[in-house]
Number of protein chains: 2
Amino acid sequence: MKITGDLQLMKKINKYLVLDTIRHHYPISRADISVKTGLNKTTVSSLVTELIDSHFVTEIGLGESSGGRKPMMLLFNQRAGYAIGVDLGVNYILAMVTDLGGAVVKEKKIEMTDLNVETVTEKLKKCIHSLIKKTPASPYGIIGIGVGVPGLVDDQGNVLSAPNLGWTDVPLQEMLQQEFNLPIAIDNEANVGALGEKEFGAGRSVSNMIYLSVGIGIGAGIILNDALYRGVSGFSGEVGHMTLAQDGPLCGCGSRGCWETFASEKALIHQAKALQLVDEKIQVAEAIDKINLNTLLHLAKRGNRPVIDLFASTGHWLGVGITNLVNVFNPELIVIGNRISLASEWIADSIRETLNSHSLSFHRQKMNVVYAQLGMNSSAAGAASIAINRFFSAMKALGD
Amino acid sequence: MKITGDLQLMKKINKYLVLDTIRHHYPISRADISVKTGLNKTTVSSLVTELIDSHFVTEIGLGESSGGRKPMMLLFNQRAGYAIGVDLGVNYILAMVTDLGGAVVKEKKIEMTDLNVETVTEKLKKCIHSLIKKTPASPYGIIGIGVGVPGLVDDQGNVLSAPNLGWTDVPLQEMLQQEFNLPIAIDNEANVGALGEKEFGAGRSVSNMIYLSVGIGIGAGIILNDALYRGVSGFSGEVGHMTLAQDGPLCGCGSRGCWETFASEKALIHQAKALQLVDEKIQVAEAIDKINLNTLLHLAKRGNRPVIDLFASTGHWLGVGITNLVNVFNPELIVIGNRISLASEWIADSIRETLNSHSLSFHRQKMNVVYAQLGMNSSAAGAASIAINRFFSAMKALGD
DNA sequence: TACTTTGTTTGTACAGTAGACAAAGTAAGT
DNA sequence: ACTTACTTTGTCTACTGTACAAACAAAGTA
């Protein structure tokens, strides 16, 4: 019979450890892996042979000697398979093919106005199909599809509620599963954004970080101990509905004074409409309905004082909420992503000032605030990384 | 030479798995352990033999047959060793000896008024010494000492800052280490309280919970995925300084409108002093300086309307902050502990109402709010459990 | 008498290891 | 240039320790 559980498990742990070491430190020799992992040279050699046989690792040739025989250098074979990551936005679909190392191979962006479930899912399917066609051949082919959605997603991949899309109870995972017959992962947009920055962006060397997605609303992806924290039902990170003022503006959630009524893109535009914006290029009367983040950025660049002050105020309110998160989580890094990061130039100072004056000094010492390194790609890249991680952990569980 | 790492590791994992199964399901037979863990009967037998040899497990006699040979029932030997847990409060020291199962064996409480570092640490040492003397003999003796402190503690066991004690930079772990030559663990009072409720109290069956310690201030111990989350520097859970109103009362931390300026014991007393308290037993004029939680509870019990309303208001503000935590963490359980839990009768309704009207409905579905099951013992029991857990995980790491 | 359940004994499979070793290099002395 | 000593890399072989399956003994039920 087969050997059960733990003896296999041990091998899988070590094999995965070797692969991980190669993934993160290539090019690297067998001897170096042995030193880094603490595994015996013999063990490393045998595991590497298996990894080469299964196309995850390739030998690239001899490296530099350090006083003895030249080492055979090993590479992680990023192109052993490809993943698809999708950022399903409120008025766009951004989809990409990445290799197993997260490098973007193909990208496709579609604008949308009709948010009807069927229309959107049809476009989504078409978009993914077209990317799959363009993906190069590889030993493992497309290993999975990840999708980030602006709403609450349960662990079955059902979109329970996505207010900005007007969706409720959409079984997105099931729909895609039937269409593509591939492993599908659906998650909240802030969660995948956090993963993207953690795996490929600003959070690579950090174990505890919060990715703050500030777009129409505010959401957070929470990385603790190197893993995404999802909460008991998968709904963690709804920081946008943190109460910051009991008697503040009414929020869509029914409560008052939620963070996103002060600091989101929605709030920004709402507040901007109340201003008397004067600019030679924009007629106030006709423009008041057309105000959006881009026009405000444009005005700020031209030195429009009220708009600059408005951004500063937004920054201040962002700082207040971030302070709360910092005091509660004591994270190493806050990454500000999504559309507001386009305004980083106008909000950074007031965020920093608010943090310095409000947060607890001990919590500030090891903490940094940065802006998404992958820009608007964080979510799509993170969605792909979910597919990649599932592929590798399935490998870990099943043997390979 | 010795076998390195993984082969030993495998055994330790299984041995610990068997021990854990016995700890949580005793009395249990070898056969049942085999079924529960998936380990082979042979493996279980051999590991159990070793556990019996090292006094962690004992055979209690034959159990009921279920149609065949009678099983030999195994017990976890709680009395193989003892731990000491200390709750270092603002005006008291509560210390206890527990066995390895967390059962309280001896308890000692001292009141204090002088909070000077030397005075307190001397009393602390004396208190621990006297408990050690009274601890029964056992194979492993005292396996460690855990202490919960109302302040920020770093990973070296230094108390960086404890405002309510007036302490800064006290190397408490080092001091106790030198005195007792035993494994010492120092942690924040809310963290140990959370562990106490998680291991022995209301949170036993829960993986994601928040223990809210509402005393003079407000702190939180955060249990995620069955483990305490400490943050990058060990300062997580400073929820008391979450801003709930930009222009609220000034807080000791320098900021304004922190949660604990609205809902802590300190806030409660401050607000009570502003009331015109009328009661036949208490002369307002002379009592105004003597108002404390006990007098307020007394008044509430007698039906004093202003005090009852005051508790309701405190409950409301607790609800606001809890809502924020629920939206962010999506926990399964909130445990309200420390002194405010004495007032649960007067605050529970308004907490619940606020949560129902403010929190997101999806987050509410699987969530419960309860009061500390161990009462004022949560922290001391949790401190002991840190020592116990360290003892067992050291065993796991070293072989036994 | 037939079957079940518990727990031990016996022999085997397999992962990782140490140590020896071959291959291929460096560095220094002559 | 050649020799000698040493280093580094990676493989081969023999061995150890762990978990396992199968057979078995013991002790029960129906």
Side-chain angles (χ1 to χ4, degrees), chain A residues 1-19 21-22 25 27-53 57-74 396 399-400, chain B residues 1-19 21-22 25 27-53 57-74 396 399-400:
Chain A
M1 295 299 118
K2 263 194 296 183
I3 300 282
T4 40
D6 300 82
L7 204 52
Q8 291 182 341
L9 179 73
M10 181 167 75
K11 180 166 187 179
K12 249 127 269 161
I13 289 172
N14 288 334
K15 194 165 174 178
Y16 199 75
L17 180 63
V18 169
L19 179 55
T21 308
I22 298 174
H25 298 97
I28 189 173
S29 69
R30 288 167 175 80
D32 272 357
I33 296 173
S34 170
V35 172
K36 264 202 164 42
T37 59
L39 291 169
N40 187 281
K41 286 190 298 175
T42 323
T43 310
V44 171
S45 259
S46 118
L47 295 177
V48 164
T49 305
E50 291 184 28
L51 287 170
I52 290 175
D53 286 348
V57 172
T58 50
E59 293 184 324
I60 190 64
L62 296 175
E64 284 301 290
S65 160
S66 59
R69 172 174 163 184
K70 282 184 180 171
M72 174 59 76
M73 303 312 280
L74 303 167
K396 193 162 52 168
D400 84 41
Chain B
M1 296 299 115
K2 264 195 297 186
I3 299 283
T4 37
D6 299 84
L7 204 52
Q8 290 182 342
L9 178 74
M10 181 166 73
K11 180 167 188 180
K12 249 124 269 161
I13 289 172
N14 289 334
K15 194 166 174 179
Y16 199 76
L17 180 63
V18 169
L19 179 56
T21 309
I22 298 173
H25 298 96
I28 189 172
S29 69
R30 289 168 175 82
D32 272 358
I33 296 173
S34 169
V35 172
K36 263 202 166 38
T37 59
L39 291 170
N40 186 281
K41 286 191 297 175
T42 325
T43 309
V44 172
S45 257
S46 116
L47 294 177
V48 165
T49 305
E50 292 184 26
L51 288 171
I52 290 175
D53 286 347
V57 171
T58 50
E59 293 185 324
I60 190 64
L62 296 175
E64 285 300 290
S65 160
S66 59
R69 171 175 164 184
K70 283 183 178 171
M72 174 58 76
M73 304 311 280
L74 303 168
K396 194 162 53 167
D400 83 43

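Model, not experiment: these values are computed from the prediction. To find a chain, count down the sequence lines: A is the first, B the second, and so on, and within it residues start at 1.
With values rounded to the nearest 0.5 angstrom, Met73(A) atom CE is found 6.5 Å from Asp32(A) atom CG. With rounding to the nearest 0.5 angstrom, the CD1 atom of Ile22(A) is 7.0 Å from the CD1 atom of Ile28(A).
Within the structure, a side-chain polar atom (N or O) of Asn40(B) is placed less than 4.0 Å from OP1 or OP2 of dA21(D). OP1 or OP2 of dT18(D) has not a single side-chain nitrogen or oxygen of Asn14(B) nearer than 4.0 Å.
In this structure, the nucleotide among dG16(C), dT18(D), dG10(D) sitting nearest to the side chain of Met10(B) is dT18(D). For Met72(B), whose side chain is taken as the heavy atoms from C-beta onward, the closest listed nucleotide among dG19(C), dC20(D), dG7(C) is dG7(C).
Rounded to a whole Å, the CG atom of Leu39(B) is 11 Å from the C1' atom of dC20(D). In this structure, the CD1 atom of Ile33(B) is 18 Å from the P atom of dT5(C), given to the nearest Å. Computed from coordinates, the Arg30(A) CZ to dT17(C) P distance equals 17 Å when rounded to whole Å. Rounded to whole angstrom, the span from the NZ atom of Lys15(A) across to the P atom of dG16(C) amounts to 10 Å. Distance, Met73(B) CE to dT6(C) C1': 12 Å, rounded to whole Å. We find that CD of Glu59(B) is positioned 12 Å from C1' of dT6(C), with the value rounded to whole Å. Residue Leu9(B) contributes atom CG, which lies 11 Å from atom P of dG16(C) at whole-angstrom precision. A straight line from NZ of Lys11(A) to C1' of dC20(D) spans 17 Å, rounded to a whole angstrom.
Leu47(A) approaches Lys11(A) most closely through the heavy-atom pair CD2-CE, 3.9 Å. Taking every heavy atom of both residues into account, Glu64(A) and Pro71(A) meet most closely at O-CD, 3.4 Å. The minimum heavy-atom distance linking Gly68(B) with Ser65(B) is given by the pair O-OG, 2.5 Å. For the pair Arg30(A) and Val44(A), the tightest heavy-atom approach, listed with the atom from each and the gap, is O-CG1, 3.7 Å.
For Asn40(A), the side-chain hydrogen bond (donor to acceptor under 3.5 Å, both in side chains) criterion is met by Thr42(A), not counting sequence neighbours.
More than 12 non-hydrogen atoms from other residues, nucleotides or ligands lie less than 6.0 angstrom from CD1 of Ile52(A).
Nucleic acid contact class of Ser29(B) (heavy atoms, under 4.0 Å, all strands): sugar-phosphate only.
You won't find any donor-acceptor pair under 3.5 Å spanning the side chain of Ser46(B) and the base of dA19(D), going by distance alone.
Along DNA chain D, the nucleotide closest to Leu47(B) and the one closest to Lys41(A) are compared, and the more 5′ of them pairs with Lys41(A).
Put simply, the side chain of Ser29(B) never gets that close to the backbone of Met72(B): no donor and acceptor are under 3.5 Å apart.
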Just the table, please: protein N/O against nucleotides 26-30 of chain D N/O, every pair under 3.5 Å.
unit_1	atom_1	unit_2	atom_2	d
dA27(D)	N3	Arg69(B)	N	3.3
dG28(D)	N2	Gly67(B)	O	3.3

Map every base of DNA chain D to its dot-bracket character, where paired means a Watson-Crick or G-U wobble contact with both distances under 3.5 Å and | marks a partner outside the strand. ||||||||||||||||||||||||||||||
Pair Thr37(B)-Thr43(B), side chain to side chain contact (heavy atoms under 4.5 Å, CB included): steps then yes or no: CA-CA 11 Å; Thr37(B) 59; Thr43(B) 309; over 6 Å; no
